[in-house]
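Everything on this sheet refers to the single structure shown next.
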Amino acid sequence: MGSAPSDGSAGVPLAAFKVLVAGGFGAGKTTLVGAISEVRPLHTEEALTRASVGTDDLTGVGNKTTTTVAMDFGRLTMGTHLVLYLFGTPGQERFWFMWDELSFGALGAVVLADTRRLGDCFPSVDYFEKRQLPFIVAINCFDGAPHYDPEDVRIALDLDPRVPAVLCDARHRDSVKQVLITLVEHVLASRIKNGAGAAAARSGSQALRPKPPKGSHARPKSGAPQPELG
Amino acid sequence: MPAGDKWVDRNAGPVVRPYALTGGRTRPASGTVLDLITVIVASSLVLGPDDSLGLSPEHRRILGLCRGPATVADVASTTALPLGVVRVLVADLIGQGRVTVLAARPAGEEPSTAMLKEVLNGLRAL
């Protein structure tokens, strides 16, 4: 266990970990978080940035300088002192200031993919690659959605071969549990393989592809025509 | 108020501007921004019932929630206050010695391999 200092007023030191759950709108992020943990609301009040100008309807609130972001997070307690926090990242690009905050010191991330709108998770994959935060791709098997081989999804997403891509059902606790286990195993495996310099070696995926120009994505943006699968 | 305006209900959020609760401060007095999962706990310094007389109701509420270890995210969620406001108020309490940070690791640092193995075992045992 880590060296949590105790000042005597606390019993067992609490060890908290952050996991990000990213993916396009409607990919099932909230469903996944709710399937395995107690879901709680979180509000932030943030300064309006230029990014939200023209997006937020400011009619009648001309002096408004802050905007409220409401998001959910899951709290998963394991044993007496381990707590895993699952944060569903707000999808829209104007909330990316929250992503930086959420990924700060995070254990890793799950990118939830919906094969009907695979392009929606390109920005998440790009973001975690750039941040060098370990992530896995979980393909949510929706009813009625075409089922694909995870390998095809991996190719379509241009994933590093070391990044696990797994099928899941975001509604089922055991499936979500398996996704989280896969993530932690992946984080551990990449550390062992890479020795101490985990972060340095993780960036190896960057070399496979030309570095995207600043401010743009290597993959087509969400909303762009989807790559063909299969 | 124009006749067309509707009364706001609870879902509309607080009527008081959030940062009124902090006296307009949007940054913690210490300058250090607490991470969402920073673990805090009320310190044993808190003495008799008069001790919290100078505190705002929000400060007192936060103090009550930190009797046992809690994260900043827990406190923000339970109080339904915006995260930025909670950070300022918690920093006040830390500055006064009423709340202590019980960080298992420095904010922003990746979890150690030993910790990850514990998490893995915890998940498998679910």
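This structure is a prediction, so every number in the text was calculated from the model and none was measured. Letters go in sequence order (proteins before strands), and every chain restarts at 1.
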> So, do A/L107 and B/M115 sit near enough that their side-chain heavy atoms are less than 4.5 Å apart?
Replying inline: no

> Quick one: does B/L36's side chain get under 4.5 Å of A/L42's, heavy atoms only?
Replying inline: yes

What are the two closest non-hydrogen atoms of [X] and [Y], and how far apart are they?
| X | Y | value |
| --- | --- | --- |
| B/L123 | A/M78 | N-SD, 3.5 Å |
| B/S77 | A/P41 | OG-O, 2.8 Å |
| B/A73 | A/F73 | O-CZ, 3.7 Å |

> So which part of A/L76 gets closer than 4.5 Å to some heavy atom of chain B, the side chain, the backbone, both or neither?
Replying inline: side chain

> For A/L84, is it the side chain, the backbone, both or neither that has a heavy atom under 4.5 Å from a heavy atom of chain B?
Replying inline: side chain

[atom1]/[X] to [atom2]/[Y] distance, rounded to the nearest 0.5 angstrom?
| X | Y | atom1 | atom2 | answer |
| --- | --- | --- | --- | --- |
| A/R191 | B/T113 | CZ | OG1 | 4.5 Å |
| A/L14 | B/L102 | CG | CG | 8.5 Å |
| B/R124 | A/Q178 | CZ | CD | 8.5 Å |

> Can you tell which of B/L120, B/T71, B/N121, B/D74 has the highest number of heavy-atom pairs within less than 4.5 Å of chain A?
Replying inline: B/D74

>> I'd like to know which of B/L81, B/V86, B/T78, B/V119 tops the heavy-atom pair count under 4.5 Å against chain A.
In response: B/V119

> When you measure from the side chain of A/K18 to the backbone N and O of B/I37, does any donor-acceptor pair fall under 3.5 Å?
Replying inline: no

